[in-house]
Chemist: 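Below are the structure tokens for one structure; questions will follow.
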Protein chains: 2
Amino acid sequence: MEKTSRDAAMTDVARLAGVSHQTVSRVLNNHPNVREQTRLRVKAAIKELDYRPNRAARALVTGKTQLIGVVAQNSTLYGPASLLSAFEEAAGEAGFAVSVGRVKVLDRDSIAAAVERHRDQRVAGIVVIAPNSSAADALADVPAGVPLVTVDGDPDRSTPLVTVDQAKGAFEATKHLIDAGHETVWHVSGPADWFDAAGRVEGWRAALDATSAEVPPVVAADWSAASGYRAGQMLARMPEVTAVFCSNDHLALGVLRAMSERGRRVPHDVSVVGFDDVPEAAYFIPPLTTVRPDFAAVAHETLGLLLEQVSDGETTRPRRTVAPTLVKRDSVAPPPR
Amino acid sequence: MEKTSRDAAMTDVARLAGVSHQTVSRVLNNHPNVREQTRLRVKAAIKELDYRPNRAARALVTGKTQLIGVVAQNSTLYGPASLLSAFEEAAGEAGFAVSVGRVKVLDRDSIAAAVERHRDQRVAGIVVIAPNSSAADALADVPAGVPLVTVDGDPDRSTPLVTVDQAKGAFEATKHLIDAGHETVWHVSGPADWFDAAGRVEGWRAALDATSAEVPPVVAADWSAASGYRAGQMLARMPEVTAVFCSNDHLALGVLRAMSERGRRVPHDVSVVGFDDVPEAAYFIPPLTTVRPDFAAVAHETLGLLLEQVSDGETTRPRRTVAPTLVKRDSVAPPPR
DNA sequence: CGACCTGGTGTTATCGCTAACATCACCGGC
DNA sequence: GCCGGTGATGTTAGCGATAACACCAGGTCG
């Protein structure tokens, strides 16, 4: 019975190719000063032995890994999940492995612990998806020296940050409702300590101000359909409410249900707009007009910003925003007259 | 200007504590033969220098990493996303880092490439979320010797596998509809090459067989609300359809919309049951009765199975299923008479 | 009372790689 | 024809851990 010998190492390849291990290393790292013929011999030997470089050994001597750490909340909220997925794909294409540290709640201690775990692994850089203020606060504890990019984080903090242009998306959504003829637009907001929610409130208000429309009180909710439903139950009772902009699609779903229950037809009696464009938004009743963020673009900007820091140590433009798109479906109509 | 010196290494700790680096290593690895007093001195030195062991060096000498590789599709489908999230959390709690390799499509080449990337990283084990047959096929290429667990994979393959008990969940959902008085139950199925979908078809059919109910033709769809809507448009036209079991909640959402458009009230005229219990299912119109899988349990079983293989090399019980729960809401009622 | 174990510690080799320097053949220029 | 430059390669010295073995004091036992 044959015992499987250990994996081939660089010296094994070198022996087979009749060169020194250093030459093998040069081939692997595309150094210029290797004769073409030698390079081919080495490559053949690599293939024959199914040799794969030992990353641990390389990391040990260079002091660098090809690993990026991501800290994210353990939630399946559509926005963060999409972002994470897009980032993993982008990083993978750039040859980086992504190590994900999930955190139950976005508080200071949990995030600090997750960051520490990543530092233990000696990641090349860290991405924190820090959509609310407690998460952003935790970043104050992170020691400098580790390249770090925040996604969806605090716009008022000076750390490198990539984010969807929430205000712009909200502005367009609101303006779309006003343009349809509504006198004003109500807003069902996400949790106040989430920057995404704050940015959307800001854009909504700016759009109302721009046309001197009355600014109704913000209806506070969390991100769930449940809270959207509760908000909708109130809004459905107020006859003057003809247009509602919801901070995400699930809130909009809850509002739709509440309207339906009280016999207020969407869009005939009330118009509704969401945010996120979840895949099923087109199959709400009625199909939902909403704002679609470009998660792939956010992921690419994030990776770019991080790699800039890794190589230069500094970065010139540490703040990037990505504009979302308004997707028009059937939940907006002129107000009843 | 001070130059930041490199991170503290084991020898630095040893020098400060007045011992050899080997003793430091022993303290770190909880070897028994260290005097209590020495242990404390070493620990103090570790703290003072903010020393953290170099994993690369450890991996190099031991030949093992504390990394688990996961291969998953780049999708935000609720089931796979929840599973991934739950697994990352479970692994993190067990002291393992998780490296996620996202794949655009679940075909043979992509999966093989992702597995290779993980092997390059010398992960301790690999988890493949392989919910359809093309993904399962790709696993045939994976060389033995790497501990590997499949989640949601092919029940007919002999590799270690953890999965939700789809058939059981579907059986209960269908039986619930029959018990409500429906003569038979129609089924809107997920893609035929997904094992989840196949298992749910099987459970549905078993429940009908058990009561000698007529087995109507399966209505084929993918997982999207869009295809559920198309299926619903057909079902809504057939007066004898009074109960529909959908392979997931988004399909159910599409069916609900189609029913609503044709004036067939749910649950008064038609009863609908879904699968997955997405967070917003309780806010569909009407709130959806559905089947809830226990993703956390699946994640724990998966991790356990993987670690068993890592340590023992073998495993006794390579197949584990986790039973889901029926969640009753308002989308089921007795048939109209 | 010397042989032998045993708990606590140090010394040395080693993992697989890259960086730095050494070597050597060959080239062109004065 | 000797010198310095250059391209291709080899040699050596680490990176920071663990493993294996060596060592030494002190206690046990025949």
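Chain A is the first sequence line, chain B the second, and so forth, proteins listed ahead of strands; every chain is numbered from 1.
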Chemist: Starting at CG of A:Asp12 and ending at C1' of C:dC15, how long is that distance when rounded to a whole Å?
Modeler: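 The distance from CG of A:Asp12 to C1' of C:dC15 comes to 13 Å, rounded to the nearest Å.
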Chemist: What residue among A:Thr163, A:Thr302, A:Asp165, A:Asp294 forms side chain to side chain contact (heavy atoms under 4.5 Å, CB included) with A:Val322?
Modeler: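 So the option named by the test is A:Asp294.
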Chemist: Looking only at atom types and distance, does a side-chain atom of B:Arg41 sit under 3.5 Å from a main-chain N or O of B:Ala17, one as donor and one as acceptor?
Modeler: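 Here the side-chain-to-backbone pair exists.
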Chemist: With a 4.0 Å cutoff (strictly under), does any side-chain N or O of B:Arg35 reach OP1 or OP2 of C:dG8?
Modeler: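 No, B:Arg35 has no side-chain N/O under 4.0 Å of OP1/OP2 on C:dG8.
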Chemist: Measuring from the side chain of B:Val61 (C-beta onward, heavy atoms only), which nucleotide among C:dT11, C:dC15, C:dA19 has the closest atom?
Modeler: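 Given the options C:dT11, C:dC15, C:dA19, the side chain of B:Val61 is closest to C:dC15.
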Chemist: Using a heavy-atom distance cut-off of less than 4.0 Å, which residues of residues 38-56 of chain A contact DNA chain D?
Modeler: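 Nucleic-acid contacts, sorted: A:Thr38.
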Chemist: Grab the CG-P distance between A:Asn33 and C:dA20 for me, whole Å please.
Modeler: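 Rounded to whole Å, this separation is 15 Å.
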Chemist: Write down the distance between CD (B:Gln121) and C1' (C:dC17), rounded to a whole number of angstrom.
Modeler: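 It works out to 17 Å between those atoms.
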Chemist: Any side-chain heavy-atom pair from B:Gln73 and B:Pro80 closer than 4.5 angstrom?
Modeler: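 Side-chain contact under 4.5 Å: no.
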Chemist: With respect to the side chain of A:Ser20, which nucleotide from D:dG10, C:dT9, D:dA17 is positioned closest?
Modeler: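 Of D:dG10, C:dT9, D:dA17, D:dG10 is nearest to the side chain of A:Ser20.
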Chemist: On DNA chain C, nearest-nucleotide positions of A:Asn29 versus A:Arg26: which is more 5'?
Modeler: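 Closer to the 5' end of DNA chain C: A:Asn29.
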Chemist: Is it the case that the side chain of B:His118 and the backbone of B:Ser99 share a donor-acceptor pair, with hydrogens and angles ignored and the cut-off at 3.5 Å?
Modeler: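 Indeed, once roles are kept as given, a pair shorter than 3.5 Å links the two residues.
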Chemist: Roughly, in whole Å, what's the span from CG in B:Leu28 to C1' in D:dT18?
Modeler: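 It is 11 Å, rounded to the nearest whole Å.
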Chemist: How would you label the contact of B:Thr23 with the nucleic acid (heavy atoms, under 4.0 Å): base, sugar-phosphate, or nothing?
Modeler: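 Since only primed, P, OP1 and OP2 atoms lie under 4.0 Å of B:Thr23, the category is sugar-phosphate.
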Chemist: What is the separation between atom CG on B:Leu60 and atom P on C:dC15, rounded to the nearest whole Å?
Modeler: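 Going from CG in B:Leu60 over to P in C:dC15 covers 9 Å.
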Chemist: Does A:Ser82 offer a backbone N or O that forms a donor-acceptor pair with the side chain of B:Thr76 under 3.5 Å?
Modeler: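 Pair absent, no side-chain N/O of B:Thr76 close to backbone of A:Ser82.
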Chemist: Please tell me which of the listed nucleotides, C:dT12, D:dT11, D:dG10, lies nearest to the side chain of B:His21?
Modeler: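 The closest nucleotide is C:dT12.
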Chemist: Quick one: does B:Gln309's side chain have a donor or acceptor within less than 3.5 Å of a partner on B:Leu148's backbone?
Modeler: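 Side chain of B:Gln309 to backbone of B:Leu148, a donor-acceptor pair under 3.5 Å: yes, one is there.
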Chemist: Do the side chain of B:Arg319 and the main chain of B:Thr159 share a donor and acceptor less than 3.5 angstrom apart?
Modeler: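 Between the backbone of B:Thr159 and the side chain of B:Arg319 there is a qualifying donor-acceptor contact (under 3.5 Å).
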Chemist: A:Lys64 NZ to C:dA19 P: how many Å, rounded?
Modeler: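 Going from A:Lys64 (NZ) to C:dA19 (P), I get 10 Å.
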Chemist: Hey, is the side chain of A:Ser25 poking within less than 4.0 Å of OP1 or OP2 on C:dT18, counting only N and O atoms?
Modeler: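 So the side chain of A:Ser25 is within the cut-off, an N or O lying under 4.0 Å from OP1 or OP2 of C:dT18.
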Chemist: Any side-chain to backbone donor/acceptor pair from A:Ser110 onto A:Leu106? Under 3.5 Å, distance only.
Modeler: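 Flag not set: sc A:Ser110 to bb A:Leu106 has no pair under 3.5 Å.
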Chemist: Heavy atoms, side chains only, cut-off 4.5 Å: are B:Phe87 and B:Val151 in contact?
Modeler: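 Not in contact.
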Chemist: What integer distance in Å separates A:Arg122:CZ from D:dG16:C1'?
Modeler: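 Distance, rounded to whole Å: 9 Å.
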Chemist: Over how many whole Å does the gap from B:Gln22 atom CD to D:dG16 atom C1' extend?
Modeler: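 After rounding, the reported distance stands at 12 Å.
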Chemist: Does a salt bridge link B:Arg15 with B:Asp12, judged by any charged N lying under 4.0 Å from a carboxylate O?
Modeler: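 A salt bridge is present here (some side-chain N lies under 4.0 Å from a carboxylate O).
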Chemist: When the axes are fitted on five pairs at both termini, how much does the helix from C:dC1-D:dG30 to C:dC30-D:dG1 curve, in 10° steps?
Modeler: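 If I round to tens, the end axes sit 50° apart.
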